[in-house]
Protein chains: 2
Amino acid sequence: MADHRSVPEPTLRRLPCYIHVLKKVEQLGRQSVSTSDISRELKLDPTQVRKDLSYTGIVGKPRVGYPLKDLIEAIEHFLGWDECTHACLVGVGHLGKALLGYNRFGEYGVRIVAAFDVDEAVVGARISDHIVYHIDALPEIAQRFNIEMGILTTPASAARGASQNMVEAGIKAIWNFAPTALELGADIIVENAQLYATLAVLSRQMRGRVQAQPKPSPLRITPGAEQMGPEP
Amino acid sequence: MADHRSVPEPTLRRLPCYIHVLKKVEQLGRQSVSTSDISRELKLDPTQVRKDLSYTGIVGKPRVGYPLKDLIEAIEHFLGWDECTHACLVGVGHLGKALLGYNRFGEYGVRIVAAFDVDEAVVGARISDHIVYHIDALPEIAQRFNIEMGILTTPASAARGASQNMVEAGIKAIWNFAPTALELGADIIVENAQLYATLAVLSRQMRGRVQAQPKPSPLRITPGAEQMGPEP
DNA sequence: TACTGTGAAGCCTTTCACAGCC
DNA sequence: GGCTGTGAAAGGCTTCACAGTA
């Protein structure tokens, strides 16, 4: 297994977790890791970790494991996180402000270069060092700064309109935090960051059903819920 | 198919999407919906929607569909979102503030009754009508307000400590937004709201691989990313 | 005809088992 | 011995096909 077509989506979702674990291990000064180290930390099957890593093209050394630095770089490269994608954020509400304040997107290959809204109360403001423009300025600014990704943090009611604005401005990929499906052309890449999916899984477990599982519950990644390291 | 054991996790993750669609349809004044209506909106297979809905115990009418109001209630009840769970939030950073400002958790069965942090700059403050207490006050307040759920929004480095504080305070379920796996007893329910999982899927698609898929890409719910409707 | 409901088939992901290597 | 790498088996979710119903 190596490079091309069709990486399982579950694998893609786990790769960021591996990066997080690996960076933690790196800070401990270690030079290499084994899949058992990773799987222990994340409560996954070691074989699965090996299969996942194999997609990135890295090869490990029997008896030793994987060279830590190379492994991190391999995953980051595989995800394209070693290159910088210019992004804009549309919808400067509570969540939008939170994402604008998050100063680590660089590690994930993303740089927010502009923010947009329609509310005069926030247009023109400077939030965590980002200037908020009126949405009407999107086409011009998107082109000027070569913006490829749109981060959509409007309320659901404004999401479709805002996403159309993004597409008209030439944006090809949308990270959608609004709780609605978008209706866009097939050439636009959309990924829904659905917060409530995880909450549904949690709520259901709390309501008594799905008690004691057969195996020690593996790292739960309810698709749609993602992690973010905010500062306290 | 009806009530008990082992609801597929993908089903659980889709249920919130159905609720969102249904509430939208409800605002249009309609009385009933069919699974084809829902599947069209979310780009899913109608059969899958029917299977998912059957877990909630609702039954539809051939030729008509499902009674809209009953269907919404059935899903909400199934998820326990028709009852109120008291939650606390630990980690009042950017994301924590965003969640505190989100005033619709009631629709999802959650009520944040207190917030905690260790940073003196924020302890004692009032954020979106929530008082921020020092983490040391957690045990007492958790007991006083009967807090069952913890929302963890600290940086990764503080997550394990904070989660232990929660457990010591008697909290049984944790909605974890920090990018780390927690190490807790098997009786604690943890759900990781991993933001980066969705970003990984998006990034990978942008990097050229995984082009034109065979079928019109279905609603993408990269496990771990969730949606939230902030206000602009 | 236009839906629901469901058993069976198909596909994808995970887990198992074991060969290879140092 | 301890770890990687991988083919094969198992399991779970999705899709198909069709019976049932008003």
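The figures that follow rest on heavy atoms only: side chains count, while hydrogens, waters and symmetry mates do not. Numbered from 1 within each chain, the chains take letters A, B, ... in sequence-line order. All figures in this text were calculated on a predicted structure; none of them were measured in a lab.
Residue pairs meeting the side-chain hydrogen bond (donor to acceptor under 3.5 Å, both in side chains) criterion with at least one partner in residues 81-90 of chain B, sequence neighbours excluded, are A/Ser203-B/Trp81, A/Arg207-B/Thr85, B/His77-B/Asp82.
Every residue was checked against the side chain to side chain donor-acceptor pair (under 3.5 Å) condition with A/Glu148, not counting sequence neighbours, and none meets it. Take A/Lys23 and apply the side chain to side chain donor-acceptor pair (under 3.5 Å) test, not counting sequence neighbours, and it matches A/Glu76, A/Glu107.
Between the side chain of A/Lys51 and the base of D/dT4, no donor-acceptor pair of N or O atoms lies under 3.5 Å.
Listed nucleotides: C/dT4, D/dC13, C/dT13. Nearest to the side chain of B/Thr35: C/dT4.
The nearest whole Å value for the distance from the CG atom in B/Asp37 to the C1' atom in C/dC3 is 11 Å. Atom-to-atom, CZ of B/Arg40 to C1' of C/dC3 comes out at 13 Å; the value is rounded to the nearest Å. Put simply, CD on B/Gln48 is 16 Å from C1' on C/dT4, counting in whole angstrom units. In this structure, B/Lys43 places its NZ atom 19 Å from C1' of D/dT14, rounding to the nearest Å. Protein atom CG of A/Asp52 is 7 Å distant from nucleotide atom P of C/dT14, rounded to whole Å. Between B/Glu9 atom CD and C/dC12 atom P there is a gap of 20 Å when expressed in whole angstrom units. To the nearest angstrom, C1' of C/dT13 lies 13 Å from CG of A/Leu12. Distance B/Leu53 CG to D/dC13 C1': 16 Å, rounded to the nearest Å.
Not a single donor-acceptor pair under 3.5 Å links the side chain of A/Asn165 to the backbone N or O of A/Ala169. Looking at B/Thr153, its side chain does come within 3.5 Å of a backbone N or O of B/Gly91 through a donor-acceptor pair. In this structure, A/Arg14 contributes its side chain and A/Gln48 its backbone to no donor-acceptor pair below 3.5 Å.
In terms of phosphate contacts, B/Arg14 brings no side-chain nitrogen or oxygen within less than 4.0 Å of OP1 or OP2 of D/dC13.
Sorted by residue number, the members of residues 27-34 of chain A with any non-hydrogen atom under 4.0 Å from DNA chain D read A/Ser34. Against DNA chain C, the stretch residues 64-75 of chain B makes heavy-atom approaches under 4.0 Å through B/Gly65, B/Tyr66.
Using a 4.5 Å heavy-atom cutoff, the side chains of B/Glu183 and A/Glu41 are not in contact. Proximity of B/Asn192 to A/Thr198: side-chain heavy atoms (C-beta onward) are nowhere separated by under 4.5 Å.
A cation-pi arrangement, defined by a distance under 6.0 Å to the six-membered ring centre and an angle within 45 degrees of its axis, is present between B/Arg204 and A/Phe78.
Between A/Leu15 and A/Thr56, the shortest heavy-atom distance links the atoms CD2-CG2, 4.4 Å.
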Apply side chain to side chain contact (heavy atoms under 4.5 Å, CB included) to residues A/Leu53 and A/Arg50 and explain how you reach the verdict.
CA-CA 5 Å; A/Leu53 296 184; A/Arg50 247 172 282 148; 5.9 Å; no
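Ring geometry for B/Tyr196 against A/His20 counts as tilted: the plane angle lies between 30° and 60°, on a 0 to 90° scale.
Of the two residues near DNA chain C, A/Asp45 and B/Ile58, the one whose nearest nucleotide lies more 5' is B/Ile58.
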When you check every protein heavy atom under 4.0 Å of nucleotides 17-22 of chain D, what one-letter string (B, S, -) results, 5' to 3'?
---BB-
